[in-house]
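Data block below; observations after.
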Amino acid sequence: MQESMTRRTFKGQLSTGLAAFILCFALACILWPLWSMLFKSIFSALAAPGLAAADPKLAGQLIGVMVEGSFFWMVINPWIWLTLIMGNYGKTAFTPKQPYAGLWYTVVAWLTGIIAFFVIIGFLGIWWKPFNLALLFTPKTAGEVQLAFQGWEVANFLALPVIMAQIPFVSLFQKWPFAGTSKQPTEGWGVLFFSTLVVVLVWIATIMPSFWNLSLGEEVIVSAPLGSFAAWCAFCQFFVIFFLMPAEGGEGYPMKLFARKQPYMGIAGLVIALAAGLLLPPLVRGIITPLNLSPGTPPDLLVASLGLSIVVTMLAWHHLFDDYPSARLVPNTAARILIRVAIWFVLGGVLGIIWIKLLGKIPFGANNMGMGYPTMGILAGQFAFLMTFLFFNTFFDKWPLVRKVPEAVNSDENITSQSVTVSS
């Protein structure tokens with residue numbers, strides 16, 4: 001065993017967070033175009049016959065959702081499964097040193113997402129034609145391109161139920177009833193499979209009817225939740241804000257106001273989040289509609305975008321700024337949490353308006369810089385930045401801004417006074 005200490009490039013908590021924020025934004029501006037161009041070339045080659053037969057607009061839409069799908073399945077879903085549910089099990093299997101541990105675990109995440117896609121969508125595709133793998137990857141006709149487009153849309157947005165229905169098992173229910181019943185990875189597997197059942201139910205209930213006009217004979221048998229997918233997304237974002245709050249700097253509140261034991265804490269938190277998701281979007285819509293922030297954009301979509309910006313801010317404050325202010329700076333729990341809440345909503349609202357206004361200038365927003373790569377737009381585009389800093393913190397441990405160094409090697413003032421033990 002070898003003693004090591006944490007060395008920070010910047011001394012302060014806020015300065016480290018700001019530097020990490022700027023670094024991750026710059027990385028997202030570089031990584032998304034590279035990712036998008038790579039997968040555009042791969043999918044364009046696979047689907048060439050169908051793309052040539054289809055209308056150029058539809059062909060472009062198919063490539064867009066295929067590239068988006070690669071990101072959702074290889075980045076967003078596996079991060080939730082590996083980090084939140086499995087606790088980054090196996091990240092240091094070969095070495096605890098960064099960036100090698102982070103690179104290894106990034107490859108693990110990509111492979112996990114690919115395998116999950118082929119298992120889940122491939123199985124459904126045996127009977128559901130829009131999920132047929134041959135159709136999804138190698139459509140031959142314009143009709144198959146249309147079916148593939150619809151199949152990719154629904155397959156991609158499994159990510160939304162994964163966020164909505166899987167994360168609360170960790171943030172609200174604290175992995176109840178599996179927590180403490182066994183060692184990792186057994187505990188994580190229990191949470192993963194149990195929560196995946198709920199994910200599938202939410203996916204069938206909300207995403208499929210949002211994109212597919214299913215009918216029996218002449219009778220339409222589905223309707224979009226809350227009237228439209230934009231309205232549903234607005235609900236989802238504010239639901240997410242409040243179910244994340246107890247785990248992302250809220251120190252268990254507000255659900256701890258009503259219960260202190262599981263599953264009652266989780267139930268209380270779930271009710272609070274559901275109420276917020278239903279009540280806050282109409283309120284926000286009434287405030288921002290007169291501002292005319294983006295003429296022609298549906299108001300519910302703007303509400304969803306602002307809600308997502310607050311989510312991004314919450315997660316950035318937790319992962320990059322380490323939930324500033326700390327208990328040492330503000331000992332009073334209520335004051336400390338209220339300061340964080342004010343930061344989330346005020347800063348998130350400001351950043352949300354900036355995002356809407358500058359969307360067309362940001363490489364991972366709606367600006368492909370004349371290079372023709374697909375962008376993800378007002379909602380999904382924010383995930384390009386979000387996932388960059390989530391990987392940066394959880395997979396790479398903020399390297400190179402934060403490093404683990406042998407205690408005897410460097411003792412200058414940039415090294416924190418906390419010592420940790422790592423494997424030699």
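- Side-chain contact between Leu280 and Phe235 is absent, with no heavy-atom pair separated by less than 4.5 Å.
- When all heavy atoms are compared, the tightest approach of Ile339 to Pro325 is CG2-CD, 3.8 Å.
- Enclosure of atom CE in Met371 is not indicated, since only 12 or fewer non-hydrogen atoms of other residues, nucleotides or ligands lie within 6.0 angstrom.
- Side-chain atoms of Ser70 come within 3.5 Å of backbone atoms of Val67 as a donor-acceptor pair (strictly under, hydrogens ignored).
- If you check the side chains of Asn88 and Thr83, you find a donor sitting under 3.5 Å from an acceptor.
- Tested against Phe21, the residues Phe10, Phe392, Phe389, Phe385 include a single ring pair (Phe, Tyr, Trp, His ring centres under 6.0 Å) partner, Phe385.
- Panel note: side chain Tyr105, backbone Phe396; no donor-acceptor pair is recorded below 3.5 Å.
- In this structure, a donor-acceptor pair under 3.5 Å is present between the side chains of Gln382 and Ser309.
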Are Trp110 and Thr106 close enough, and set up right, to give a side-chain contact (heavy atoms from CB on, under 4.5 Å), and what steps lead you there? CA-CA 6 Å; Trp110 292 345; Thr106 297; 3.5 Å; yes
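- When atom types are taken as modelled, the side chain of Ser41 and the backbone of Leu38 share a donor-acceptor pair closer than 3.5 angstrom.
- With a 4.5 Å cut-off on side-chain heavy atoms, Leu315 and His318 do not count as touching.
- Closest heavy-atom contact between Ile121 and Leu136: CG2-CD1, 3.7 Å.
- Around CG of Asn213, the count of heavy atoms belonging to other residues, nucleotides or ligands within 6.0 Å does not exceed 12.
- Residues Glu187 and Ser182 have side chains that never bring a donor and an acceptor to within less than 3.5 angstrom of each other.
- Closest approach of Ser223 and Pro209 over heavy atoms only: O-CB, 3.6 Å.
- Two residues are said to be in side-chain contact when any heavy atoms from C-beta on lie closer than 4.5 Å; Phe258 and Ile272 meet this criterion.
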After noting the C-alpha distance and the side-chain angles of Met387 and Trp79, does the key distance pass the side-chain contact (heavy atoms from CB on, under 4.5 Å) rule? CA-CA 8 Å; Met387 299 313 302; Trp79 182 82; 3.6 Å; yes
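- The heavy-atom pair separating Val402 from Arg8 by the smallest distance is CG2-NH1, 3.8 Å.
- If you take CG on Leu135 and NZ on Lys129, they are separated by 7.0 Å, rounding to the nearest 0.5 Å.
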Could you walk me through whether Trp35 and Phe39 pass ring-ring contact (aromatic ring centres under 6.0 Å, His included), step by step? CA-CA 6 Å; Trp35 180 284; Phe39 281 96; 4.8 Å; yes
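- With values rounded to the nearest 0.5 angstrom, Ser15 atom OG is found 8.0 Å from Leu18 atom CG.
- Ring centroids of Phe25 and Phe364 are separated by less than 6.0 Å, placing the two rings close together.
- Side-chain contact between Pro254 and Met245 is present, with heavy atoms from C-beta onward closer than 4.5 Å.
- For the ring pair (Phe, Tyr, Trp, His ring centres under 6.0 Å) criterion with Trp152, the lone passing option out of Phe157, Phe72, Phe137 is Phe137.
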Could you go through Trp212 and Phe131, starting from their C-alpha distance and side-chain angles, then the distance that decides it, and tell me whether this counts as ring-ring contact (aromatic ring centres under 6.0 Å, His included)? CA-CA 13 Å; Trp212 290 350; Phe131 291 143; 5.3 Å; yes
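- A salt bridge links Arg336 to Glu251: at least one charged side-chain nitrogen sits closer than 4.0 Å to a carboxylate oxygen.
- Using modelled atom types, no side-chain atom of Thr196 and backbone atom of Val199 make a donor-acceptor pair closer than 3.5 Å.
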List the steps, then state whether ring-ring contact (aromatic ring centres under 6.0 Å, His included) holds for Phe194 with Phe169. CA-CA 9 Å; Phe194 185 64; Phe169 278 89; 5.6 Å; yes
Kindly determine whether Phe383 and Val75 satisfy side-chain contact (heavy atoms from CB on, under 4.5 Å), including the steps that lead there. CA-CA 10 Å; Phe383 280 92; Val75 177; over 6 Å; no
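- Judged by distance alone, with hydrogens and angles left aside, the side-chain atoms of Lys91 form a donor-acceptor pair with the main-chain N or O of Thr394 at under 3.5 Å.
- The shortest side-chain heavy-atom distance between Val303 and Phe238 falls under the 4.5 Å cut-off.
- At distances below 3.5 Å, at least one donor-acceptor pair connects side-chain atoms of Thr9 with backbone N or O atoms of Leu401.
- No side-chain donor-acceptor contact under 3.5 Å links Asp322 and Gln13.
- Taking each heavy atom of Cys24 and Thr388 in turn, the nearest pair found is O-CG2, 3.5 Å.
- Salt bridge annotation for Asp323-Arg340: absent, with no cationic side-chain nitrogen under 4.0 angstrom from a carboxylate oxygen.
- Interatomic distance, CG of Leu124 versus CG of Leu158, reported as 9.5 Å (0.5 Å rounding).
- Asn367 and Lys361 form no side-chain donor-acceptor contact under 3.5 Å, judged by distance and modelled atom types alone.
- Below 30°, between 30° and 60°, or above 60°: for Phe117 and Trp73 the angle between ring planes is above 60°, a perpendicular geometry.
- No side-chain heavy atom of Phe118 sits under 4.5 Å from any side-chain heavy atom of Phe123.
- No donor-acceptor distance shorter than 3.5 angstrom exists from the side chain of Gln237 to the backbone of Ser305, with no hydrogens or angles considered.
- Proximity of a side-chain donor or acceptor of Trp399 to a complementary backbone N or O of Gly102 within less than 3.5 Å is not detected.
- Rounded to the nearest 0.5 angstrom, His319 NE2 and Phe391 CZ are separated by 12.0 Å.
- Expressed to the nearest 0.5 Å, how far CZ of Phe321 lies from CD1 of Ile343 amounts to 9.5 Å.
- A donor-acceptor contact shorter than 3.5 Å links the side chain of Lys175 to the backbone of Ile85.
- How far CD1 of Ile163 is from CG of Asn77: 7.5 Å, rounded to the nearest 0.5 Å.
- Heavy atoms of other residues, nucleotides or ligands lying less than 6.0 angstrom from CH2 of Trp189 number 12 at most.
- Shortest non-hydrogen contact noted between Ala366 and Gly360 is CB-CA, 4.2 Å.
- Contact check for Leu293 versus Lys357: side-chain heavy atoms found under the 4.5 Å cut-off.
- In this structure, the side chains of Gln146 and Pro139 stay at 4.5 Å or more apart for every pair of heavy atoms.
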Might you work through the side-chain contact (heavy atoms from CB on, under 4.5 Å) test for Trp344 and Val311, ending with a clear yes or no? CA-CA 8 Å; Trp344 299 336; Val311 172; over 6 Å; no
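- Formation of a donor-acceptor pair under 3.5 Å by the Ser215 side chain with backbone atoms of Ile221 is not found in this model.
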